[in-house]
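Read the structure below first, then the notes.
Here the structure is a predicted model, which is why all the values come from computation and not from measurement. Along the sequence shown, residues are numbered consecutively beginning with 1.
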Amino acid sequence: NSFSYAAQEGYLARYFILGLHESYNPEAVLQAIDQNEQVAYNRFAPDTDISEYIKQAVDFLRNSTKPVGIELDLDSIADMPSSFATPSGFSVEEARSFICQITSQLQPAYLHLPEGAPITGSYEESRVGKTLAYLVADFIKTCNQ
């Protein structure tokens with residue numbers, strides 16, 4: 001996958017997975033993450049405040065030797081039409097807060113929003129499109145402050 005390629009080619013100095021859903025990842029993947037000092041994560045728990053997740057991510061990424069980027073997998077947003085949609089995840093508001101807080105603290109070089117997978121011509125398409133528009137606008141506005 002793109003993560004493995006980027007890590008092998010030396011493009012990643014550090015990688016933080018915010019709100020990992022352990023139940024949906026194979027044991028081998030979890031072991032590989034745990035054995036890699038350049039990768040850290042926190043587990044998704046519905047009762048955890050998004051600010052605590054973000055603090056852990058910022059603390060880990062602050063000393064990166066390479067520019068920081070944000071990847072917000074749309075699969076992590078509850079009920080978002082995506083490749084692996086989930087009923088349990090971050091709200092759109094929490095995702096927007098994540099983008100704004102990380103951007104204001106780490107000045108990332110890029111924003112990547114993968115995995116949206118709506119049915120063309122459906123309400124899903126509008127939902128994904130509007131969510132992407134909010135996330136990109138929040139990123140741009142925060143970068144320009």
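Distance check: F16 CZ to L106 CG gives 11.5 Å after rounding to the nearest 0.5 Å. If you take CD on Q101 and CG on D138, they are separated by 11.5 Å, rounding to the nearest 0.5 Å. Atom CG in D75 sits 3.5 Å away from atom OG in S83 (nearest 0.5 Å). Note that the CG atom of L20 and the CZ atom of R43 stand 8.0 Å from one another [nearest 0.5 Å].
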_Using the rule given for ring pair (Phe, Tyr, Trp, His ring centres under 6.0 Å), can you reason through Y53 versus F90, listing the C-alpha separation, both sets of side-chain angles and the distance that settles it, and then say yes or no?_
CA-CA 11 Å; Y53 283 121; F90 297 113; 5.6 Å; yes
_Would T142 and I99 count as a side chain to side chain contact (heavy atoms under 4.5 Å, CB included) here? Give the steps._
CA-CA 9 Å; T142 306; I99 295 290; 5.8 Å; no
*Given side chain to side chain contact (heavy atoms under 4.5 Å, CB included), test L72 with H112 step by step and report yes or no.*
CA-CA 6 Å; L72 176 63; H112 182 212; over 6 Å; no
*Verify side chain to side chain contact (heavy atoms under 4.5 Å, CB included) between Q105 and R62, making sure each step is shown before the conclusion.*
CA-CA 9 Å; Q105 294 181 52; R62 190 173 303 279; 3.9 Å; yes
*Quick one: do Q38 and Y15 satisfy side chain to side chain contact (heavy atoms under 4.5 Å, CB included)? Show the steps, please.*
CA-CA 6 Å; Q38 297 169 311; Y15 191 84; over 6 Å; no
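With hydrophobic clusters built from ILVMFWY side chains whose heavy atoms lie under 4.5 angstrom apart, I140 shares a cluster with F98. Following chains of ILVMFWY side-chain contacts shorter than 4.5 Å, one cannot reach M80 starting from I17, and the two form parts of different hydrophobic clusters.
Using a 3.5 Å distance cut-off with no hydrogens or angles, the side chains of Q35 and Q31 do not pair a donor with an acceptor. Under 3.5 Å, the side chains of Y41 and N25 contain no donor-acceptor pair of N or O atoms. Checked by atom type, the side-chain pair S82/E115 shows no donor-acceptor distance below 3.5 Å.
In this structure, S76 contributes its side chain and D73 its backbone to a donor-acceptor pair below 3.5 Å. Without hydrogens or angle criteria, S97 side chain to E93 main chain gives no donor-acceptor distance under 3.5 Å.
Residues forming a side chain to side chain contact (heavy atoms under 4.5 Å, CB included) with S88 (at least two apart in sequence, or on another chain): F44, T86.
The shortest distance between side-chain heavy atoms of Q56 and N42 falls below 4.5 Å.
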